[in-house]
Number of protein chains: 2
Amino acid sequence: MVTIYDIAAKAGVSAMTVSRVINNTGKISDKTRTKVRRVMDELGYVQNQMARSLVLQQSNLLFLLITDITNPFYTTLARGAEDAAKKHGYRLLFGNSDESLDKEKDYLDTILATRADGVLIAPTGDSSLPHLETLRKHDVPFVLLDREVPGMESDIVLGDSKEGARRLVEHLSSLGHKRIAMINGSRHVSSARMRLEGYREALKLNDLPYEDQYVLETAFEPRSDLSAIEHWLAEMNPAPTAIIAGNNVLAVEVIRTLTAQGKQVPDDMSLVCFDDLGPLSEINPFLTVIAQQAYQFGYLGMQMLVDRLKERGEPTVPWKKIVLPADMIVRRSAVACGCGLTDTCLGG
Amino acid sequence: MVTIYDIAAKAGVSAMTVSRVINNTGKISDKTRTKVRRVMDELGYVQNQMARSLVLQQSNLLFLLITDITNPFYTTLARGAEDAAKKHGYRLLFGNSDESLDKEKDYLDTILATRADGVLIAPTGDSSLPHLETLRKHDVPFVLLDREVPGMESDIVLGDSKEGARRLVEHLSSLGHKRIAMINGSRHVSSARMRLEGYREALKLNDLPYEDQYVLETAFEPRSDLSAIEHWLAEMNPAPTAIIAGNNVLAVEVIRTLTAQGKQVPDDMSLVCFDDLGPLSEINPFLTVIAQQAYQFGYLGMQMLVDRLKERGEPTVPWKKIVLPADMIVRRSAVACGCGLTDTCLGG
DNA sequence: CTGTTAGCGCGTTCAT
DNA sequence: ATGAACGCGCTAACAG
């Protein structure tokens, strides 16, 4: 490994001078600078970030921890965070907790151990609280993304989940649906909680009754319990005519299961969900969705993080909270209720 | 920041003893171990990876660098790499070069500076050579993913691009298409090169003429030059009846552009491509694709990397090369040529 | 403008 | 079974 001492020796200067050239600090004569630069190139010097971070007590590294790297919502968010980080001259590394508390803990350990300067994190759920407390305790600035964690104040970027659910119900109701079911993530995830609340409130507003049997609380994970979905879909009685999925992954699972049960969307069942499905949605529009501004989640979140980084030590600015509105995109997966709008509708 | 010295002081032992407890090295009496452990918990000690890496000369960190984090092919690959890394007890961090040589360089700098133990990399293209040479020079083991880089030998996981292209042409030909166009990534990316070659060879095998005007070489990037695609699509004469896209992103762009020009897929134009589009493909099957085993790219690549890590210092094992076969999934985006299978077909 | 000294937090080596 | 001294590569602070 080439060190600044190697450079120094070969260039006939001290290590300190080399350090100064590298970091552009202090005054260096053009001649020495040029010479040092040349030797650096010759020897293929690479700064040892470890050593540097050790003395500087900061790594110049930012982390983004998402919960599902295969979900277009999070990858688009990641692009936003990336662009904002680059704009401010920070380096960004990604981690994927895969909706697992354990993996989240592993990543947080890594983040702590590498002394990241800041973290953008979509927590797996309310149980992430201890993880965030650790971060806070170690004085690592972080911004929460997409999910609140009760008991932890911080900067945060959220979607308007309640309003989204309300609009979805409204839309289905306007299509004549009266039995609207909802499959959702765990109630220990704030976004799922808010969506369920919005759903219940909207039912009330539309004079539709709420029934427990029409709600399944499972998990946002891609590999969640499929048989639960299967049973739920098969056993609701009378069957709903429309389903709201708490996110895109669940919507996909519902369609899969429905198909396996010989039912078609939207002919036999209308379906809408939160979060779009990436580029394919544009070229082959199918799912009616509440499309959140994924890119902005990342971009604005990173912006807030960088702001925090800058104020280090200054009097604490109050926590900021951004709530992003979302647009409904009406496509083909939800159609008018085929029951003639009567109460005796049996689900098309 | 809590250091081993803080622990040592409070536990009434030396820092060295604390270090031994942390790393489970040497002989420590149960009593001291217990005591040290308790103090560590009390103080919320977190090992300083920087300092540790500095003395150990290794970071225990692995990196995966992909070229498009919004592309399902790469995110699925990432999941594979992640699972394999976890299986072997390694930590994995992600980077996204976004098909940009500059960003790739930035990430490589970070990787070098953080002294990663190994790297899994999908290079942006042939121009990545110097980057790889730097990696090699600094003795960082790496495995190439999805793309070869002429001039650099290494472990590598590849898809059978040539065979894939052959099968796509074969399929279209069997549907009666005679004018089959191809939109592709840059010829400075090996996968694009191989796909073009496969296309040309397959045309020959099927007694179809090759024409330059039917080939557009652009870039695999999501935000590539759209007007080029526009012009190309508008100006081919006679228009092709089918198009092969070098990857999923390009396929999406083609559909978008075609739609803007008032044409429908597959009614006015058949379209097939490399790489599937994630979960939505399953629920709303549309694109006929060569579906590469994305997960295996990552999983097997990581496996190879870990193997290399283990043999450190031993006599060099020859470079390994894995070529993954791919399945064609026939869906709805390519249909029989509507021209009655005559040579005067106008693409209609 | 340039060099010297010291120390960031940790683990290896050698003592005890 | 435990500790002291040293060095990993770098930079801040102070000297010249």
Side-chain angles (χ1 to χ4, degrees), chain A residues 1-37 39-40 43-61 109-117 138-140, chain B residues 1-37 39-40 43-61 109-117 138-140:
Chain A
M1 171 181 305
V2 183
T3 74
I4 53 173
Y5 287 96
D6 300 326
I7 314 272
K10 193 156 181 187
V13 297
S14 78
M16 203 47 229
T17 303
V18 178
S19 173
R20 288 198 179 96
V21 171
I22 293 172
N23 298 295
N24 256 314
T25 53
K27 308 268 180 198
I28 302 280
S29 76
D30 278 352
K31 211 175 61 183
T32 3
R33 193 198 317 281
T34 315
K35 175 151 198 178
V36 169
R37 286 253 166 79
V39 177
M40 278 174 53
L43 266 42
Y45 172 77
V46 174
Q47 197 175 43
N48 188 325
Q49 192 63 241
M50 301 294 171
R52 183 163 208 274
S53 305
L54 189 58
V55 39
L56 256 34
Q57 298 287 18
Q58 58 160 24
S59 63
N60 237 307
L61 245 35
D109 283 350
T110 305
I111 287 169
L112 243 31
T114 47
R115 297 298 193 265
D117 289 352
H138 287 279
D139 219 42
V140 181
Chain B
M1 169 180 305
V2 182
T3 74
I4 54 172
Y5 288 96
D6 301 326
I7 314 272
K10 191 156 182 187
V13 297
S14 80
M16 204 45 234
T17 303
V18 177
S19 173
R20 289 198 178 96
V21 171
I22 293 171
N23 298 295
N24 258 312
T25 52
K27 307 269 177 198
I28 302 281
S29 75
D30 280 351
K31 210 174 63 184
T32 8
R33 191 196 320 280
T34 314
K35 178 154 199 176
V36 169
R37 286 251 166 80
V39 177
M40 279 174 53
L43 266 42
Y45 172 77
V46 174
Q47 198 175 44
N48 188 325
Q49 193 63 241
M50 302 293 171
R52 185 184 158 82
S53 304
L54 190 57
V55 38
L56 256 35
Q57 300 287 19
Q58 58 161 15
S59 64
N60 237 306
L61 245 35
D109 283 350
T110 305
I111 287 169
L112 241 34
T114 43
R115 298 296 193 266
D117 289 352
H138 288 278
D139 219 42
V140 181

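Values below: every heavy atom of this structure, side chains too, minus hydrogens, waters and symmetry copies. Protein chains get the first letters and strands the later ones, always in sequence-line order, with residue 1 at the start of each.
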Tell me what [X] touches on the nucleic acid: a base, only sugar-phosphate, or nothing, going by heavy atoms under 4.0 Å.
{"X": "A/Met1", "answer": "sugar-phosphate"}
{"X": "A/Thr32", "answer": "sugar-phosphate"}
{"X": "B/Leu54", "answer": "base"}

Interatomic distance where [atom1] belongs to [X] and [atom2] belongs to [N] [whole Å]:
{"X": "B/Met50", "N": "C/dG11", "atom1": "CE", "atom2": "C1'", "value": "17 Å"}
{"X": "B/Asn60", "N": "C/dC10", "atom1": "CG", "atom2": "P", "value": "16 Å"}
{"X": "B/Arg115", "N": "C/dC10", "atom1": "CZ", "atom2": "C1'", "value": "17 Å"}
{"X": "B/Asp6", "N": "C/dG9", "atom1": "CG", "atom2": "P", "value": "8 Å"}

### Query
Would you say C/dG9 has OP1 or OP2 under 4.0 Å from some side-chain N or O of B/Gln49?
no

### Task
Using a cut-off of strictly less than 4.0 Å, decide whether B/Asn48 has a side-chain nitrogen or oxygen near OP1 or OP2 of C/dC8.
no

Non-hydrogen side-chain atoms of [X] and [Y] separated by less than 4.5 Å:
{"X": "A/Thr3", "Y": "A/Asn48", "answer": "no"}
{"X": "A/Gln47", "Y": "A/Asn23", "answer": "yes"}
{"X": "B/Val46", "Y": "A/Arg115", "answer": "yes"}
{"X": "A/Arg33", "Y": "A/Asn24", "answer": "yes"}
{"X": "B/Tyr45", "Y": "B/Ile4", "answer": "yes"}
{"X": "B/Arg20", "Y": "B/Val36", "answer": "no"}
{"X": "A/Thr32", "Y": "A/Val13", "answer": "yes"}
{"X": "A/Ile22", "Y": "A/Arg52", "answer": "no"}

### Task
Give the minimum heavy-atom separation between B/Ser59 and B/Ser53, together with the two atoms involved.
CA-OG, 3.6 Å

### Query
5'-most contact on DNA chain C: A/Tyr5 or B/Val2, nearest heavy atom basis?
A/Tyr5

Report all interatomic pairs (protein N or O, nucleotide N or O of nucleotides 12-16 of chain C) with separations under 3.5 Å.
none

### Query
Where each residue is assigned the nucleotide of DNA chain D containing its nearest heavy atom, which of B/Ser29 and B/Ala51 is assigned the position nearer the 5′ end?
B/Ser29

### Task
Give the first and the last nucleotide of DNA chain D, reading 5' to 3', that has any atom under 4.0 Å from a heavy atom of chain A.
D/dG9 to D/dC14

